Amino acid sequence: MVTIETDTAATAVSHPADFANIDRSMTTPKRIYLDNAATSWPKPESVYAAVDHYQRRIGTSPSRSVYAEAVQADRTIHAARAALSRLIDGEGPDRIAFALNGTDALNLAIHGTVRPGDHVVTSVVDHNSVLRPLRWLEDKGTIEVTRVECDSEGIVDPDEFRAAFRPNTRLAALVHASNVTGALQPVAEVGRIAREHGALFLVDAAQSLGHVAISVREMGIDLLAAPGHKGLLGPLGTGLLYIAPGVEDRLESVRQGGTGSRSDEDRQPDQTPDKYEPGNLNAMGIFGLKAGIEYVADRTVEAIRRHAVEMTRRLREGLSAIPGLRVYGPRDPQKLVGVVSITLDGYSPQELAAILDASFRVQVRAGIHCAPLMHRALGTLDSGGTVRFSLGPFTSTDEIDAAIDAVQAVSTVESRK
Ligand SMILES: Cc1ncc(COP(=O)(O)O)c(C=O)c1O
């Protein structure tokens, strides 16, 4: 008996006895990592090399000194900002503030913009990294929040967003792609609506940046928050917030401290990005992140997207053919990033995920994927959530087929039918 601790429940899983009749000849000892929505792995070799280079050869605090290695660190960090700005069609390197992760960037965007008496519109599709800061402010009586519902495919209707706006709506916050279903959301339409209402538009690009083309200008995005460690293929501990020109006047800093600039003043500088980057940056992580962004830019987002659509179609179709299995979210892979959530009759999500790893080395995430309102809309909140497969740019057809075969094998265990 194995007990698995997850964020939803401790689940008792009995194996391998239950699975003695699975044909293990098709199992593979190779690790099949399909948890790229949590963090991407493997990274390009250049990412490992960049982190190693920083640690061994640079090893300095950036933006604070003039010796050769410090200058090289400054240049590389500036180049990372420039590469990010190009990737999202932004308006220059200084509009990128580095953060600890996607959650940190979202917290800055939310806590930095809203004021007492404001109203915020978000959606049930959003992640707890948006929902929880908003709920916290709401519970304190600081703001009011409207959470727009989604349709049966897990996609929000821009007209429902439009209807939710009020004269005091300061901020609209929407996830670009659901981390539960993979469903892409109509961000450009909601961006237009937010602009018409004079509200700031915040997009959570945690599951889209590096996977689908983004133009912050064409999509009317004022604030774009993302981790560096998912689709951008950087190390954990990296994230970013894009701040459109002029938005810094409406975005307060939420932490203050040394920046290496204007050090004669005891007041936080008000230019971007220094205003939002007190303390030493994760230079090692940003070196790796720059290499990850360069990999994405060289391979091109369009090519990565084509690969993801092909892999997602293969996985979705293969899984859908398994009796007793339900796939959530849109059928059309063009409406999805590489995320596929399922449930299988006879198994809790935790149990299925544990078996997939223990018996087949297929590594997926199970449970409520930090998006409780999305699970409530799907009807999976009270039944332990889903098993989520999430693909990356290095996922191969062999891995997809091995994952499908593994789920197929588990589904045929007689004792569970
Ligand atoms: C949609 C979405 N938003 C935000 C986050 C938070 O990102 P991070 O883990 O970098 O804080 C995640 C991560 O799982 C996510 O999937």
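Computed from a prediction, not measured in an experiment: that's the story for all the values here. Both ligands and their constituent atoms are indexed starting at 1 by order of listing.
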If you take the centroid of each ring, where Trp contributes its six-membered ring, are Trp41 and His229 closer together than 6.0 Å? no
In terms of atom number and element, which parts of ligand 1 are under 4.0 angstrom from non-hydrogen atoms of Pro227? 7 (O), 10 (O)
Atom 16 (O) of ligand 1 [closest protein heavy-atom partner, distance rounded to 0.1 Å]: Gln207 NE2, 2.7 Å
Are Asp35 and Arg388 ion-paired here, with the side-chain N under 4.0 Å from a carboxylate O? yes
Taking only Lys NZ, Arg NE, NH1 and NH2, and the carboxylate oxygens of Asp or Glu, determine whether Asp345 and Arg326 approach each other closer than 4.0 Å. no
What heavy-atom pair brings Gly288 and Val51 nearest, and what distance separates the two atoms? CA-CG2, 3.9 Å
Distance-only N or O hit between ligand 1 and Ala177, under 3.5 Å: no
Against heavy atoms of Gly102, which atoms of ligand 1 measure under 4.0 Å? 7 (O), 8 (P), 10 (O), 11 (O)
Going by the closest heavy atom to atom 3 (N) of ligand 1, which one wins out of Asp204, Thr39, Leu236? Asp204
Please tell me whether Phe389 and Tyr33 form a close aromatic pair, meaning their ring centres lie under 6.0 Å apart. no
Ranking His229, His127, Met374 by closest non-hydrogen atom to atom 9 (O) of ligand 1, top hit is His229
Considering only heavy atoms of Ala206, which atoms of ligand 1 have at least one such atom less than 4.0 Å away? 1 (C), 2 (C), 3 (N), 4 (C), 5 (C), 12 (C), 15 (C)
Below 4.0 Å from ligand 1: does a non-hydrogen atom of His369 turn up there or not? no
For Ser129, is at least one N or O under 3.5 Å away from an N or O on ligand 1? no
Inspect the contact between Lys335 and Glu153 and indicate whether a charged nitrogen and a carboxylate oxygen are less than 4.0 angstrom apart. yes
According to the interplanar angle, ranging from 0 to 90°, do the rings of His111 and Trp136 count as parallel (below 30°), tilted (30 to 60°) or perpendicular (above 60°)? perpendicular
Under 4.0 Å from one or more heavy atoms of Lys230, ligand 1 contributes atoms 7 (O), 9 (O), 12 (C), 13 (C), 14 (O)
For ligand 1, note which part of Val175 has a heavy atom under 4.0 Å away: side chain, backbone, both or neither. side chain
Do any nitrogen or oxygen atoms of Thr103 lie less than 3.5 angstrom from nitrogen or oxygen atoms of ligand 1? yes
Per side chain to side chain contact (heavy atoms under 4.5 Å, CB included), Arg262 is matched among Gln268, Gln271, Arg267 by Gln271
